[in-house]
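Below is one structure, written out as structure tokens; comments come after it.
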Amino acid sequence: MNISTAEFICSNTKMEKLPEVRLPEFAFIGRSNVGKSSLINMLTKRKGLAKTSNTPGKTQTINHFIINNNWYLVDLPGYGFAKVAQTTRGTWEKMISQYLQQRLNLMNVFVLVDIRLTPQKNDLNFINRLGELAIPFAIVFTKADKLPKTKIQLQVDAYNKTLLEYWEELPKQFVTSAENALGREELLDYIETISKQYKKP
Ligand code: GTP
Ligand code: MG
């Protein structure tokens with residue numbers, strides 16, 4: 001898929017204020033600092049489109065972008081950021097959970113995980129929760145540029161070994177880097193394929 005236009009539409013904390021459900025939607029989620037906003041900028045080739053930061057907890061709202069006037073891309077706040085106050089965290093979790101369960105045009109959730117880490121408990125909980133809710137998802141390994149090529153597949157294999165303790169089948173997966181655009185074409189082609197299955201609610 002070629003990206004001809006990518007525009008920010010709105011930031012929200014309330015479900016009723018989200019853009020009208022008229023196009024297929026794809027959301028990106030994962031722990032704080034995993035690289036969600038950077039991945040969005042890499043996919044759209046727009047450097048400052050989504051705000052990135054070294055400080056975890058940068059994205060705190062549901063952020064909608066419209067791509068090619070044809071689909072919505074959503075940058076969600078990260079989960080599992082310890083430094084955020086318990087009350088704020090509770091509010092985010094509720095907001096994300098409502099979004100995931102209520103958004104009728106949501107076609108797929110991309111769950112980002114840092115390829116350098118062993119499977120983290122909160123990621124696994126989140127992934128398993130998506131399964132319980134029957135929400136389609138794919139796993140996106142981020143920051144692959146930080147590992148030597150020979151280690152990448154080993155990390156993916158180790159991750160999958162853990163997933164197979166919970167799942168009979170492995171979800172669709174992408175290995176990516178916001179630094180060198182690894183995985184860009186594959187991920188965008190996947191979005192294009194899934195978009196074709198969209199039926200207006
Ligand atoms: P929150 O909004 O806080 O939840 O974080 P986020 O998941 O949106 O992460 P963000 O994109 O802001 O990136 C966090 C940090 O990781 C930044 O310093 C990025 O430059 C860095 N980073 C993100 N992706 C990559 C990558 O693929 N490779 C490398 N080397 N660094 C990356
Ligand atoms: Mg972010």
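By convention here, the first residue in the shown sequence is residue 1. Computed over heavy atoms, backbone and side chain alike; hydrogens, waters and symmetry mates excluded. For ligands, and for the atoms within them, numbers begin at 1 and follow the listed sequence.
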Arg116 CZ: over 12 foreign heavy atoms closer than 6.0 Å: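 Counting other residues, nucleotides and ligands, CZ of Arg116 exceeds 12 neighbours.
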Relative to [atom], which among [options] owns the nearest non-hydrogen atom?
atom: atom 8 (O) of ligand 1; options: Ser37, Gly30, Ala144; answer: Ser37
atom: atom 23 (C) of ligand 1; options: Ser38, Gly183, Pro77; answer: Ser38
atom: atom 21 (C) of ligand 1; options: Lys143, Lys146, Glu179; answer: Lys143

Using a strict 4.0 Å cut-off to heavy atoms of [X], name the atoms of ligand 1 that fall inside it.
X: Ser177; result: 27 (O)
X: Gly78; result: 4 (O)
X: Asp145; result: 26 (C), 27 (O), 28 (N), 29 (C), 30 (N)

Minimum heavy-atom distance Ala144-Ser177, with the two atoms named: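 The pair with the smallest heavy-atom distance is N-CB, 4.2 Å.
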Ring center gap for Trp167 and Tyr159 short of 6.0 angstrom: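 No.
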In one Ile/Leu/Val/Met/Phe/Trp/Tyr side-chain cluster, 4.5 Å: Leu106, Leu73: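 Each belongs to a different hydrophobic cluster.
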Qualifying residues under side chain to side chain donor-acceptor pair (under 3.5 Å), relative to Arg184, sequence neighbours excluded: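 Residues passing side chain to side chain donor-acceptor pair (under 3.5 Å) with Arg184: none at all.
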Asn12 and Thr61 side chains, donor-acceptor separation under 3.5 Å: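 Absent: no donor and acceptor within the cut-off.
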Nitrogen or oxygen atoms of Ala178 and ligand 1 under 3.5 Å apart: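 Yes: some nitrogen or oxygen of Ala178 is under 3.5 Å from one in ligand 1.
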Nitrogen or oxygen atoms of Asp75 and ligand 1 under 3.5 Å apart: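 No, since none of the N or O atoms of Asp75 sits under 3.5 Å from an N or O of ligand 1.
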Heavy atom of Thr142, distance to ligand 1 below 4.0 Å: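 No, Thr142 has no heavy atoms under 4.0 Å from ligand 1.
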N/O/S from Ser38 sitting under 2.8 Å away from the Mg ion (ligand 2):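 Checking the Mg ion (ligand 2) against Ser38, no N, O or S atom falls under 2.8 Å.
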Nearest-0.5 Å distance, CG of residue Leu112 to OG1 of residue Thr142: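 That separation rounds to 5.5 Å.
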Side chain to side chain donor-acceptor pair (under 3.5 Å) pairs, two or more places apart, involving residues 189-201: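 Applying side chain to side chain donor-acceptor pair (under 3.5 Å) to every pair that reaches into residues 189-201, excluding sequence neighbours, yields nothing.
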For ligand 1, the portion of Val34 having any non-hydrogen atom under 4.0 Å away: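 It is both backbone and side chain that touch ligand 1.
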